[in-house]
Amino acid sequence: MIHLSSSNKNAISPTRANDFPGWYQEVVKSAELAEMAHVRGCMVIKPWGYGLWERIRDLLDVEIKSRGHENAYFPMFIPLSYIQQEAQHVEGFAKEMAVVTHHRLEQRDGALVPGGKLDEPIVVRPTSEAIIGASMSQWIQSYRDLPLLLNQWANVVRWEMRPRVFLRTSEFLWQEGHTAHASSQEAMEETMEMFRVYETFARDKLAIPVISGEKSQTERFPGADRSFSIEAMMQDGKALQAGTSHYLGQNFAKSASIKFLDSQGELKFAFTTSWGVSTRLIGALIMAHGDDDGIRLPPTIAPSQIVIVPISREETTQAAVLDYAKHIKQLLEQAVFSDEALRVRLDDRPIKSVDKKWQWIKKGVPIVIEVGMRDIESNSVSVRSRLSIGETDNVGIDALAPMIENELVRIQSTLFKDARDFLDDHILCDNLSFESASSYLASGKGFLLAKWCGSSVCEVGFRDQGATLRCLPSSLEATGSTCVVCSSPASQDAIFAQSY
RNA sequence: CGGGGUGUAGCGCAGCUUGGUUAGCGCGCCUGCUUUGGGAGCAGGAGGUCCCGGGUUCGAAUCCCGGCACCCCGACCA
């Protein structure tokens with residue numbers, strides 16, 4: 001190992017410890033992931049950030065399709081009357097709906113003003129249950145038409161009060177699955193199946209450990225009978241809902257009239273589900289894995305896993321170094337990580353190599369390979385892992401491909417392990433008094449795993465501490481036997497935390 | 001929509017309290033030389049409606065009034 005780092009200076013500031021929100025924004029900016037657009041609450045997703053979304057999309061799309069779902073596309077404009085059909089749905093989304101009321105602009109006194117008022121206002125989809133339900137009602141007549149398994153990759157709009165890039169923007173990208181089934185049991189199985197897909201995806205692809213569980217009644221999706229979420233922990237101890245799966249029962253079937261004749265000739269309402277993850281996952285990646293030098297990307301998700309930086313300041317050697325770099329690129333593209341060929345990028349931009357190095361570190365590329373004349377002469381390269389940016393490893397070409405494959409595996413598993421250790425270290429599961437639990441939650445340093453009696457009064461017992469009931473975990477058990485809020489006998493386990 | 005904060009070069013900021021040369025600094029950018037496996041050095045250079053509008057004044061980045069935007073903390077949420 002050669003130690004090259006001559007200073008303790010971080011690539012970005014502030015640090016996580018000094019100012020976590022400021023750090024988050026600086027990571028987004030310095031990694032060129034996105035920037036806020038001039039339209040309030042909207043973001044411009046830049047190529048590197050969109051590359052992350054493309055990875056998420058491509059990997060998840062395989063999982064979705066392999067379970068029999070087909071992609072389709074529905075309009076982003078929804079007639080107001082469709083939205084009005086499901087009462088809970090209306091209540092949940094009305095406050096954040098963008099409404100289109102005109103269909104034309106007119107010149108008036110030198111300014112463009114809306115003209116052509118619509119008879120019925122159109123809302124921009126905040127989610128597509130309503131409009132997909134309308135199609136489902138036409139497409140489904142018989143039990144032979146079921147199950148109907150759809151998914152769409154789309155943008156949605158929710159007029160948010162307090163936008164934060166990737167975490168809460170007025171427009172965001174997501175995937176929304178919508179299915180209809182003949183029986184409650186089958187719909188419930190679908191809900192759980194996709195829930196497990198998200199849980200596994202977060203763990204194996206994003207390297208983010210999650211706590212999965214059912215949402216309480218008050219936290220449920222508007223219009224759902226049951227909602228399930230995966231909750232990830234950010235490095236400031238707050239929870240981030242990273243994916244949801246909903247069992248909608250017959251609520252939307254009734255409001256959209258999704259009916260079918262069963263095998264006995266009886267007309268019945270279908271049972272529907274919906275499930276989604278969004279560009280918020282990129283925010284989760286940042287806050288789960290980032291360090292004080294920027295984002296750190298799990299190799300599975302990195303748009304480029306390896307960046308090769310040629311080092312050749314003398315013009316006479318540039319061609320040779322570039323050729324060598326291309327050779328290394330070809331060599332590595334034969335190697336494999338997670339059943340895919342390595343994604344290798346050669347950075348031959350005409351800027352200083354040391355600047356390139358720092359740029360890629362801030363962008364979270366798992367491995368940067370630096371090559372120069374010295375490497376050519378010794379038939380080797382310098383390998384710098386994102387896990388230890390201050391050192392490089394000199395690796396002979398013969399050993400390079402397997403070494404890189406191993407290092408990518410190590411990075412993927414280390415990021416997951418570190419995140420899991422952090423999660424484990426920041427879940428308090430002692431049997432606390434209400435006062436102790438309150439002060440712990442108010443500090444915002446982690447999750448509380450505690451017993452809950454199930455009452456909606458106790459559910460919001462930590463409202464003053466800024467904490468809510470995140471989910472009722474399916475695989476964790478709290479100590480004690482009484483409700484952390486009211487002290488009456490309780491059997492349900494609950495995760496309380498501050499959240500994004 | 002409440003409470004606080006901030007708007008000055010691409011980015012980060014100083015100057016404002018107590019109005020007074022040509023508005024500065026660091027980083028970045030451009031040119032040249034030096035350096036040449038490392039977040040380099042020297043010299044020169046480009047880049048500003050000091051958020052917008054009004055007011056006070058001989059004179060406003062600075063004081064006053066009114067807007068707007070962004071950030072942080074709440075209420076709301078993927």
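Keep in mind it's a predicted model, so treat the numbers as computed, not measured. Chain letters run A, B, ... following the sequence lines, proteins first and then strands; every chain starts at 1.
- Residue Ser278(A) is classed as a base contact, given a heavy-atom separation below 4.0 Å to a base.
- Under the 4.0 Å criterion applied to side-chain N and carboxylate O atoms, Lys46(A) and Glu35(A) are assigned as salt-bridge partners.
- Residue Lys352(A) has no polar side-chain atom (N or O) positioned under 4.0 Å from OP1 or OP2 of G39(B).
- Side-chain atoms of His246(A) and Ser274(A) include no donor-acceptor pair closer than 3.5 Å.
- Rounded to the nearest Å, the gap between the C1' atom of A23(B) and that of G59(B) is 15 Å.
- Sequence order on RNA chain B of the closest nucleotides to Ile376(A) and Arg463(A) puts Ile376(A) first from the 5' end.
- Here the P atom of nucleotide A78(B) and the CZ atom of Arg158(A) are 6 Å apart, to the nearest Å.
- The shortest distance between the side-chain N/O atoms of Gln25(A) and the OP1/OP2 oxygens of C70(B) is not below 4.0 Å.
- The distance from atom CD1 of Ile351(A) to atom P of C29(B) is 8 Å, rounded to the nearest whole Å.
- Open room surrounds CD on Glu91(A); 12 or fewer heavy atoms of other groups in view lie less than 6.0 Å from it.
- Here Asp355(A) lies out of heavy-atom contact (under 4.0 Å) with every strand.
- Heavy atoms of Ala242(A) sit nowhere under 4.0 angstrom from any nucleic acid atom.
- Among the protein residues, Leu281(A) comes within range of no part of the nucleic acid, since none of its heavy atoms lies under 4.0 Å from any strand.
- Judged by Watson-Crick or G-U wobble contacts below 3.5 Å, the nucleotide U36(B) has no partner.
- Between Phe434(A) and Phe462(A), the distance from one ring center to the other falls under 6.0 angstrom.
- Pairing for C27(B) goes to G10(B), judged as Watson-Crick or G-U wobble with the two contacts each under 3.5 Å.
- Among the protein residues, Gly372(A) comes within range of the nucleic acid bases, having at least one heavy atom under 4.0 Å from a base atom.
- For the C1' atom pair drawn from C68(B) and C52(B), the interatomic distance equals 7 Å after rounding to whole Å.
- By the 5.5 angstrom centroid cut-off and the 30-degree plane limit, Trp358(A) is classified as stacked against the base of G39(B).
- When the C1' atom is compared between C51(B) and A60(B), the two are found 16 Å apart, to the nearest whole Å.
- No salt bridge links Glu231(A) with Lys238(A); every basic N to acidic carboxylate O contact stays at or beyond 4.0 Å.
- A gap of 36 Å separates the P atoms of U6(B) and A43(B), to the nearest Å.
- Not one side-chain nitrogen or oxygen of Lys362(A) sits closer than 4.0 Å to the OP1 or OP2 atom of G39(B).
- Nucleotides C73(B) and G10(B) place their C1' atoms 30 Å apart, quoted to the nearest Å.
- Using a 4.0 Å heavy-atom distance criterion, Thr169(A) is classed as a base contact.
- Comparing Gln498(A) and Arg168(A) by the nucleotide of RNA chain B whose heavy atom lies nearest to each, the residue mapping closer to the 5' end is Gln498(A).
- Across all strands shown, Glu160(A) has heavy atoms under 4.0 Å from base atoms, whether or not it also approaches the sugar-phosphate.
- Nucleotide C1(B) forms a Watson-Crick or G-U wobble pair with G74(B), both donor-acceptor distances falling under 3.5 Å.
- To the nearest angstrom, C1' of A75(B) lies 10 Å from NZ of Lys95(A).
- One interatomic measurement links the two molecules: CH2 of Trp159(A) to P of A78(B), which rounds to 18 Å at whole-angstrom precision.
- On the P atoms, C25(B) is 14 Å away from A9(B), given to the nearest whole Å.
- The nearest whole Å value for the distance from the CD atom in Glu35(A) to the C1' atom in C11(B) is 12 Å.
- A distance of about 15 Å separates the P atoms of G19(B) and C58(B), rounded to the whole Å.
- Checked for salt-bridge contact, Asp292(A) and Arg16(A) meet the test: a charged N lies under 4.0 Å from a carboxylate O.
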